Amino acid sequence: METSLTPDFAVQFWGVRGSIPAPGKETVRYGGNTSCIDIHVAGKHLIFDAGTGLQVLGTQLMKEQQPILAYMFFTHYHWDHIQGFPFFTPAFTKGNRFHIYGAVPPDGESMKQHFLERVLHPNSPVPLGGMHADIQFYELVCGNSFTIDDIEFETGPLNHPNNAMGYRVTWGGHSVFYCTDTEHFPDRMDEHVLHLARNADLFIYDAMYTDEEYHNPKAPKYGWGHSTWQEAVKLAKASGVKKLVIFHHDPIHNDDFLDNLEVTVRQEFPNSILAREGLRIDVITGNCHLP
């Protein structure tokens, strides 16, 4: 997979699964790594979430011009969104610099303390001190907006156990809304999601289940913190997004299942695609590229 994204505003997917990694011969085409995307905009790497896909991204970043400067953003801190961080090779290299953003976890500790005590210790063989890159932490308040140079960020709460945060990234009049780990409401569309998705060029949505799986009377998924592709389509239509990306695939959904699902989703929302590892999307044109 190549990280040299030629467009000025592009998204590349490095991990597209939810909950746990799903390696094996039946997940080769879509990939088995957990959540990690790289938004390359105005010459900057904006990395969202640090699932196991981050390890693969890190290997590729080490092939780029050194030193590496990147910005990392966390939606929340469940395992499938942090598992790759202790094995992120560029963080062990002196001279590289990483700015890490996220909300303070619900227990009230600081971002830095959370990484020291929860992400890297005791669940990692290497403590934060072993990471020789310059790592800076920035605490966000969910619902606030901020800028990095001329890139605008809006955030909003998502409906997920222990909280999660969605990010809308806008540059040059174009926007991407990264909306993973959220569960729809039974009686209305989530006003926060609708607001952040408004007229977005790209809407990346957690559609882990089908409606049939979500409402299965023998094993319902109520309260699990994830949504369905049917809800994704409803939100995309209501908010006027240009392109919909189905994301955070269930680990039990194999390649054949996802192939069939993509056909079904496109019947309801033609300009849609299922996320897969290596997929690159030019935000401005909507063009998609696979390695």
Side-chain angles (χ1 to χ4, degrees), residues 1-3 5 10-39 47-61 74-76 78-89 123 160 164 178-183 202-214 216 219 221 224-233 243-269 272-281 288-291:
M1 301 177 193
E2 299 293 334
T3 60
L5 309 182
V11 177
Q12 186 158 15
F13 295 83
W14 295 92
V16 301
R17 294 281 168 177
S19 299
I20 59 171
K25 62 182 180 181
E26 294 188 341
T27 58
V28 172
R29 294 197 301 276
Y30 287 85
N33 283 303
T34 59
S35 301
C36 180
I37 72 169
D38 179 18
I39 300 181
I47 301 170
F48 289 82
D49 284 328
T52 55
L54 181 69
Q55 188 273 333
V56 188
L57 170 58
T59 300
Q60 298 302 317
L61 286 174
F74 284 86
T75 56
H76 64 307
H78 285 161
W79 281 118
D80 53 329
H81 294 256
I82 64 173
Q83 287 166 321
F85 190 82
F87 306 97
F88 184 47
T89 303
N123 302 297
H160 192 68
Y178 178 57
C179 181
T180 191
D181 289 64
T182 192
E183 184 169 358
L202 200 63
F203 178 35
I204 303 166
Y205 187 76
D206 172 2
M208 192 167 187
Y209 308 119
T210 66
D211 271 354
E212 293 75 20
E213 290 170 325
Y214 185 80
N216 185 339
K221 306 300 183 183
W224 287 37
H226 303 287
S227 193
T228 70
W229 71 263
Q230 288 93 337
E231 293 295 328
V233 168
K243 193 176 196 70
L244 169 65
V245 182
I246 300 298
F247 184 75
H248 205 270
H249 308 316
D250 193 309
I252 69 170
H253 290 168
N254 62 25
D255 289 332
D256 290 342
F257 182 98
L258 295 175
D259 281 343
N260 292 328
L261 180 62
E262 187 168 59
V263 172
T264 302
V265 174
R266 284 179 172 171
Q267 290 173 349
E268 300 298 325
F269 196 88
S272 60
I273 192 169
L274 266 65
R276 61 178 72 197
E277 290 181 25
L279 173 67
R280 290 181 295 154
I281 302 177
C288 299
H289 309 273
L290 283 169

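Keep in mind that what you see is a predicted model, and the values were worked out from it rather than measured. Only this structure's heavy atoms are used, side chains among them; waters, hydrogens and symmetry mates stay out. We number each residue from 1, following the sequence as shown.
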- Message: Can you confirm whether the side chains of Asp250 and His226 place a donor and an acceptor under 3.5 Å from each other?
- Response: no
- Do Tyr214 and Glu183 have side-chain atoms, one donor and one acceptor, less than 3.5 Å apart? yes
- Query: Just wondering, do Thr180 and Phe48 contact through their side chains at under 4.5 Å, heavy atoms?
  - Reply: no
- Item | Spatial distance of atom CG (Asp206) from atom NE2 (His249) [nearest 0.5 Å] | 10.5 Å
- Residues at least two apart in sequence or cross-chain that pass side chain to side chain contact (heavy atoms under 4.5 Å, CB included) with Glu212, listed by chain then number, are Thr210, Gln230
- Would you say the side-chain atoms of Thr52 pair up with the backbone N or O of Gln83, donor to acceptor, closer than 3.5 Å? no
- Item | Atom of Tyr178, atom of Ser35 and distance for their closest heavy-atom approach | OH-CB, 4.0 Å
- Item | Between CG on residue Leu261 and OH on residue Tyr30, distance to nearest 0.5 Å | 8.0 Å
- Item | Partner of His253 by side-chain hydrogen bond (donor to acceptor under 3.5 Å, both in side chains), out of Glu26, Arg17, Glu213 | Glu213
- Rounding to 0.5 Å, atoms CG (Asp80) and SG (Cys36) come to a distance of 12.0 Å
- Message: Are the side chains of Asp255 and Val28 in contact, using a 4.5 Å heavy-atom criterion?
- Response: yes
- Query: Between the main-chain N or O of Ala22 and the side-chain N or O of Thr27, is there a donor-acceptor pair closer than 3.5 Å?
  - Reply: yes
- Which of parallel (below 30°), tilted (30 to 60°) and perpendicular (above 60°) describes His248 and His81? parallel
- Task: Working to the nearest 0.5 Å, report the span between NE2 of His160 and NE2 of His78.
- Result: 4.5 Å
- Task: Verify, without hydrogens or angle tests, whether Asp49 (side chain) and Thr75 (backbone) share a donor-acceptor contact under 3.5 angstrom.
- Result: yes
- Item | Smallest separation among heavy atoms of Phe203 and Cys179, with atom names | CE1-CB, 4.0 Å
- Donor-acceptor contact below 3.5 Å, side chain Glu277 vs main chain Gly32: yes
- Item | CD1 on Ile204 to CD1 on Ile281, rounded to 0.5 Å | 6.5 Å
- Test item: Trp229 and Thr264 side chains (from C-beta on) under 4.5 Å apart, heavy atoms: yes
- Item | Ile273 to Glu262 - nearest heavy-atom pair and separation | CG1-OE2, 3.3 Å
- Query: Do Ile47 and Trp14 have side-chain heavy atoms sitting under 4.5 Å apart?
  - Reply: no
- Query: Between Ala275 and Val245, what is the shortest heavy-atom contact and its length?
  - Reply: CB-CG1, 3.8 Å
- Taking atom types as modelled, find out whether Ser227 and Tyr205 have a side-chain donor-acceptor pair closer than 3.5 angstrom. yes
- Message: Quick one, His76 and Ile82 - any side-chain contact, counting heavy atoms below 4.5 Å?
- Response: no
- Message: Looking at Thr59, is its backbone amide N or carbonyl O close enough to the side chain of Thr89 to form a donor-acceptor pair, meaning the two atoms are under 3.5 Å apart?
- Response: no
- Message: Using the salt bridge (charged side-chain N to carboxylate O under 4.0 Å, His left out) criterion, which residues pair with Asp259? Sequence neighbours excluded.
- Response: Arg29
- What are the two closest heavy atoms between Gly51 and Thr34, and how far apart are they? CA-OG1, 3.3 Å
- Query: Rounded to the nearest 0.5 Å, what separation is found between the CD atom of Gln12 and the NE2 atom of His289?
  - Reply: 10.5 Å
